[in-house]
Amino acid sequence: MCDSFGRKSTLRQAQDTARDDMAMELVERLLTGDRRAIARLITTIENDRAEAQEALAALYPHTGRAHIVGVTGAPGTGKSTLVNELAKAYRKRGRTVGIIAVDPTSPFSGGALLGDRIRMRDLSGDQGIFIRSMATRGSLGGLARATADVIKILDAAGYQTIFVETVGAGQAEVDIAKTAHTTIVVEAPGLGDDIQAIKAGITEIADIFVVNKADREGADSTALALEMILDLDHLSHLSSRGHRWRPPICKTIALHGEGVGAVVEAVEEHAAYLRESGNLQRRERERIEGELRSIITQEMARSFFERLDEAQFDSLIDSIIRRELDPYSAAALLLEK
Amino acid sequence: MPGKKIRVLIAKPGLDGHDRGAKVVARALRDAGMEVIYTGLRQTPEMIVEAALQEDVDVVGLSILSGAHTTLFPRIVNLLKENGLDGVLVLAGGIIPDEDVPALKELGVRGIFGPGTSTEEIVRFIREEVNPSAGSGHRP
């Protein structure tokens with residue numbers, strides 16, 4: 001490997017140039033709304049961010065126009081069906097719609113079964129809608145690593161409202177709140193007592209609550225439990241951070257489209273609130289700061305492991321096994337170099 | 001570590017409501033490490049091709065038990081071509097009479113898997129035909 005290094009790197013350079021040319025051509029086509037180019041660029045970004053970096057840089061100036069709506073909640077609450085109905089409602093208002101539907105990758109096989117399109121068949125045939133299914137590929141937190149970049153692609157391609165449906169999430173999958181402008185948390189009756197809702201996490205990230213399947217028994221008590229949490233939250237937030245937004249609770253029967261209009265109104269009101277309160281800029285700044293920090297962390301880790309002395313690494317592991325060294329001291333030794 | 005994944009669309013064109021076979025295959029491909037987009041029952045050729053385009057799949061697997069393959073498959077294959085997706089590997093499963101097989105192969109349906117095919121055989125076929133490590137070899 002070492003003796004062919006010189007030749008290999010020349011070849012690599014030629015490949016890099018060809019790759020960049022292809023990526024740039026995709027960007028040009030994407031900006032004209034070419035759906036195949038959009039799909040191809042998403043694949044590139046999912047598979048290898050380094051390869052897509054030039055393309056992302058070129059399309060970045062065209063981003064920042066879309067309103068990003070996150071939809072999260074436990075499995076089976078009806079997220080996909082709700083997104084289907086919301087997309088139809090936004091199309092009626094003349095807005096173009098992008099949908100990113102995330103489902104989990106099997107930690108055992110690395111494969112994934114992505115089934116959210118089953119509930120979105122109504123949206124087929126509409127050129128103003130683009131749906132992409134994504135697997136989490138090992139990422140925790142309810143989204144895939146590349147989801148934020150896929151949002152940028154759909155944003156640059158001109159989709160005005162972008163829905164991001166998370167994996168069936170429960171209590172800790174809150175990445176969506178950092179990614180979306182408006183986060184909808186979908187609940188359904190009969191999924192647990194009200195203590196589940198008070199615990200932490202997912203209820204704290206809601207800008208809008210939807211109690212779906214509202215024709216089922218227990219819908220009223222689910223809504224009531226949420227009201228109670230909001231009363232407590234609202235008081236503590238008011239005193240600590242001066243929040244003015246109280247998440248509305250919308251009851252829907254998404255399967256029949258009932259109550260969806262009120263959810264659209266709530267999203268629009270929240271968007272207006274974000275603009276008028278200055279929270280939009282604050283959230284944008286926080287989101288970009290978080291993104292930048294995470295890119296730096298990833299890049300530093302990558303360059304560290306590229307330069308890692310494997311032999312020393314292995315011998316340090318042996319020392320740790322023999323309890324001659326602890327993992328923190330070993331890491332400090334490696335990082336010193 | 002990022003890596004390429006084989007993406008497969010499993011679709012059921014036509015009006016029969018039997019998707020057990022399609023689900024078994026979808027599950028087997030998932031277990032073989034592929035990303036499987038399952039679209040459900042009663043898909044029109046237009047819906048299938050639109051999903052294949054948006055999802056940028058390497059493979060489209062069509063399951064059909066209604067006997068309508070002689071009309072639906074040419075339409076799907078032609079629409080794929082019209083959308084620049086001629087490089088996508090098209091497979092068929094379900095009930096397809098032997099006498100129809102040559103015509104479907106001629107059309108560009110590269111793999112045809114009747115009842116009793118093992119899922120391992122389908123996985124092996126896809127892995128041999130699609131080689132993502134060679135930089136999306138099936139693509140123009």
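Predicted, not measured: the structure shown is a model, and the values here were computed from it. Letters go in sequence order (proteins before strands), and every chain restarts at 1.
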Checklist entry - Does A/Glu299 CD have over 12 foreign heavy atoms under 6.0 Å away? => result yes
Checklist entry - Quick check: are there more than 12 heavy atoms from other residues, nucleotides or ligands sitting under 6.0 Å from CZ of A/Arg293? => result no
Checklist entry - At a heavy-atom separation under 4.5 Å, does A/Asp126 approach chain B through its side chain, its backbone, both, or neither? => result backbone
Next on the checklist: Please give me the minimum heavy-atom distance between A/Arg36 and B/Asn83, naming the atom from each residue.
Outcome noted: CD-O, 3.7 Å
Next on the checklist: Hydrogens and angles aside, do B/Asp56 and A/Thr43 bring a side-chain donor and acceptor to less than 3.5 Å of each other?
Outcome noted: yes
Checklist entry - Does a side-chain heavy-atom distance below 4.5 Å link B/Met47 with A/Arg117? => result no
Checklist entry - So, do B/Tyr38 and A/Leu114 sit near enough that their side-chain heavy atoms are less than 4.5 Å apart? => result no
Checklist entry - Under the 3.5 angstrom rule, does the side chain of A/Arg132 hit a backbone N or O of B/Gln54 as a donor-acceptor pair? => result yes
Next on the checklist: Does A/Glu291, at its CD atom, have more than 12 non-hydrogen atoms belonging to other residues, nucleotides or ligands within less than 6.0 Å?
Outcome noted: yes
Item to check | Distance, nearest 0.5 Å, that separates CZ of A/Arg121 from OG1 of B/Thr39 | outcome: 8.5 Å
Next on the checklist: Could you measure the distance from the CD1 atom of B/Ile37 to the CG atom of A/Leu113? Nearest 0.5 Å is fine.
Outcome noted: 9.5 Å
Next on the checklist: Show the nearest heavy-atom pair for residues B/Glu55 and A/Ser133, with the distance to one decimal.
Outcome noted: OE2-OG, 2.7 Å
Checklist outcome for this item: Here the gap from A/Ser106 atom OG to B/Arg27 atom CZ, rounded to the nearest 0.5 Å, amounts to 8.5 Å
Next on the checklist: Tell me if the CD atom of B/Glu106 is crowded by more than 12 foreign heavy atoms within 6.0 Å.
Outcome noted: no
Next on the checklist: If the condition is side-chain hydrogen bond (donor to acceptor under 3.5 Å, both in side chains), which residues does B/Glu35 pass it with, not counting sequence neighbours?
Outcome noted: A/Arg137, B/Arg7
Checklist outcome for this item: Under 4.5 Å to a heavy atom of chain B? For A/Leu41 that would be neither
Item to check | Atom CG of A/Asp314: over 12 foreign heavy atoms under 6.0 Å | outcome: yes
Next on the checklist: For A/Glu46 and B/Lys5: C-alpha separation, side-chain torsions, deciding distance, then whether salt bridge (charged side-chain N to carboxylate O under 4.0 Å, His left out) applies.
Outcome noted: CA-CA 9 Å; A/Glu46 275 200 291; B/Lys5 296 262 182 197; over 6 Å; no
Checklist outcome for this item: Rounding to 0.5 Å, atoms CD (B/Glu46) and OG (A/Ser124) come to a distance of 8.5 Å
